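Just so it is clear, the structure is predicted and the values come from calculations on it, not from any experiment.
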Protein chains: 2
Amino acid sequence: MPDDFDLRILTALQADARMPANDLADRVGLSAPACYRRTRALRETGAIEREIAIVSPKTMGWTITMIVLVTLERDRGRIIDDLVRSLKVAPEVMDVWYVTGDHDLVLHVAAHDMASYDDFTRTTLHAAEHVRSFKTLVVMDHAKRNAALPPAHLG
Amino acid sequence: MPDDFDLRILTALQADARMPANDLADRVGLSAPACYRRTRALRETGAIEREIAIVSPKTMGWTITMIVLVTLERDRGRIIDDLVRSLKVAPEVMDVWYVTGDHDLVLHVAAHDMASYDDFTRTTLHAAEHVRSFKTLVVMDHAKRNAALPPAHLG
DNA sequence: GGTGAAAGATTGACCGC
DNA sequence: GCGGTCAATCTTTCACC
């Protein structure tokens, strides 16, 4: 169970994973080695899943992204695992959410252009069993991109 | 314009922002100082937007997330800037996408529980002008969470 | 962009609570 | 178990070519 020191560390590292342990120490009120030990423990327990650079999509050659709302046949059971497995492997697929409501899956997909997105839908979605239908919402602007979570509530 | 060295650096740092410049150097085929200079330039030009820790939502006390499909009145002009501004400020809102298609905005929202999500919809969505309707898709599982982009295509 | 050295950060050993 | 101090090690960063 994380205490407030841990939550402060996590909140700081969510904003800047490269913050030196010394700055972290000042912020959370511990010594640098104490911050380091806690940070290491947070990594080992999986509270920190990974530490990554957020890169501009255009720089990486991904010019468009789509939100895809997928509706499955109404006997979806474990068979959709096959679909999800193929989505996990597909590099263009950045996020897969299982949802309840008007749809069953929501995807966040990157593409170089519309033609390559069409390819993706053909090989991955149209080809899949149990996909009844899907709707593509083309992203015009990613107005807020907060890969980090909201800050934790401190006790 | 990034060359292949830059793209390799970006691809590596997307997977692990803490990779030492020495390892980076081995991977991309440059010396550590060269990698460092390129990395710094990539930060300064905004190709690297930021470097963050991906934290487990449950550790941070965010137990549920939602995908929200927002439909606006059909005279949305600049007025929706007010809505987007409030969404950008709201800590629970992790992503805001402007989209074309059956809806106008897609949100990715975190909440501590359903009651606090209800609060959010009341204060931020129901209260907003020009929101015609919205649909909430409750996330049951974030099966793929790839805050990083797909790898770049190298020439 | 490479080399080598200075500056700074991370990590380990050890002590005390 | 926890954190603190000090020191060794490793990384980042700079100066110079």
Discussion item. List the residues meeting side-chain hydrogen bond (donor to acceptor under 3.5 Å, both in side chains) with A:Thr100, not counting sequence neighbours, and say none if there are none.
Written reply: none

Discussion item. Using salt bridge (Lys or Arg N to Asp or Glu O under 4.0 Å), reason through A:Arg18 and A:Glu51 one step at a time and then give a plain yes or no.
Written reply: CA-CA 9 Å; A:Arg18 295 175 56 80; A:Glu51 283 145 285; over 6 Å; no

Worksheet item: Looking at residues at least two apart in the chain, or sitting in another chain, which of them share a side-chain hydrogen bond (donor to acceptor under 3.5 Å, both in side chains) with A:Lys135?
Response: B:Asp102

Discussion item. Given A:Val139, which partner from the list A:Ile64, A:Val109, A:Ile67 fulfils the side-chain contact (heavy atoms from CB on, under 4.5 Å) test?
Written reply: A:Ile67

Practice prompt. Could you list all the ring pair (Phe, Tyr, Trp, His ring centres under 6.0 Å) pairs where at least one residue sits in residues 13-40 of chain A, not counting sequence neighbours?
Written response: none

Discussion item. Give me each pair satisfying side chain to side chain donor-acceptor pair (under 3.5 Å) with a member in residues 142-152 of chain A, each pair once, sequence neighbours excluded.
Written reply: A:His142-B:Asp95, A:His142-B:Trp97, A:Arg145-B:Glu49

Item to complete: Could you tell me whether the side chain of B:Leu13 reaches within less than 4.5 Å of the side chain of B:Leu24, counting heavy atoms only?
Response: yes

Item to complete: For residues 117-126 of chain B, pull every pair meeting side chain to side chain donor-acceptor pair (under 3.5 Å), keeping only residues two or more places apart or in separate chains.
Response: B:Tyr117-B:Thr136

Discussion item. My understanding is that only residues two or more places apart in sequence, or in another chain, count here; which of them pass side-chain hydrogen bond (donor to acceptor under 3.5 Å, both in side chains) with A:Thr71?
Written reply: A:His103

Discussion item. Let's test your reading of the pairing rules: Watson-Crick or G-U wobble, both distances under 3.5 Å, then write DNA chain C as a dot-bracket string with ( ), [ ], | and dots.
Written reply: |||||.|||||||||||

Discussion item. Could you tell me the boundaries of the chain A footprint on DNA chain D, defined by atoms under 4.0 Å from its heavy atoms?
Written reply: D:dC2 to D:dC6

Worksheet item: What residues form a side-chain hydrogen bond (donor to acceptor under 3.5 Å, both in side chains) with B:Arg38, not counting sequence neighbours?
Response: B:Asp3, B:Asp6

Response to the item:
Rounded to whole Å, the CD-P distance (A:Glu51 to C:dT10) equals 11 Å

Item to complete: Identify, residue by residue, the members of residues 12-29 of chain B with a heavy atom below 4.0 Å from DNA chain D, and return them in order of residue number, or none.
Response: B:Pro20, B:Ala21

Item to complete: Verify the contact: side-chain N or O of A:Tyr36 to OP1 or OP2 of C:dG12, cut-off strictly under 4.0 Å; return yes or no.
Response: yes

Worksheet entry | Nucleic acid contacts of residues 37-44 of chain B, taken as heavy-atom distances under 4.0 Å to DNA chain C | B:Arg37, B:Arg38

Worksheet, complete the sentence: Judged by nearest nucleotide, the residue sitting upstream toward the 5' end of DNA chain D, A:Phe5 or B:Ala32, is A:Phe5

Item to complete: Supply the atom-to-atom distance B:Met19 CE to A:Ile52 CD1, rounded to the nearest 0.5 angstrom.
Response: 13.0 Å

Practice prompt. Name all pairs fulfilling the side chain to side chain donor-acceptor pair (under 3.5 Å) condition that reach into residues 58-68 of chain A, sequence neighbours left out, sorted by first residue then second.
Written response: A:Ser56-A:Thr59

Worksheet item: Looking only at heavy atoms, which two atoms of B:Tyr98 and B:Ile80 are closest? And how far apart?
Response: CE2-CD1, 3.2 Å

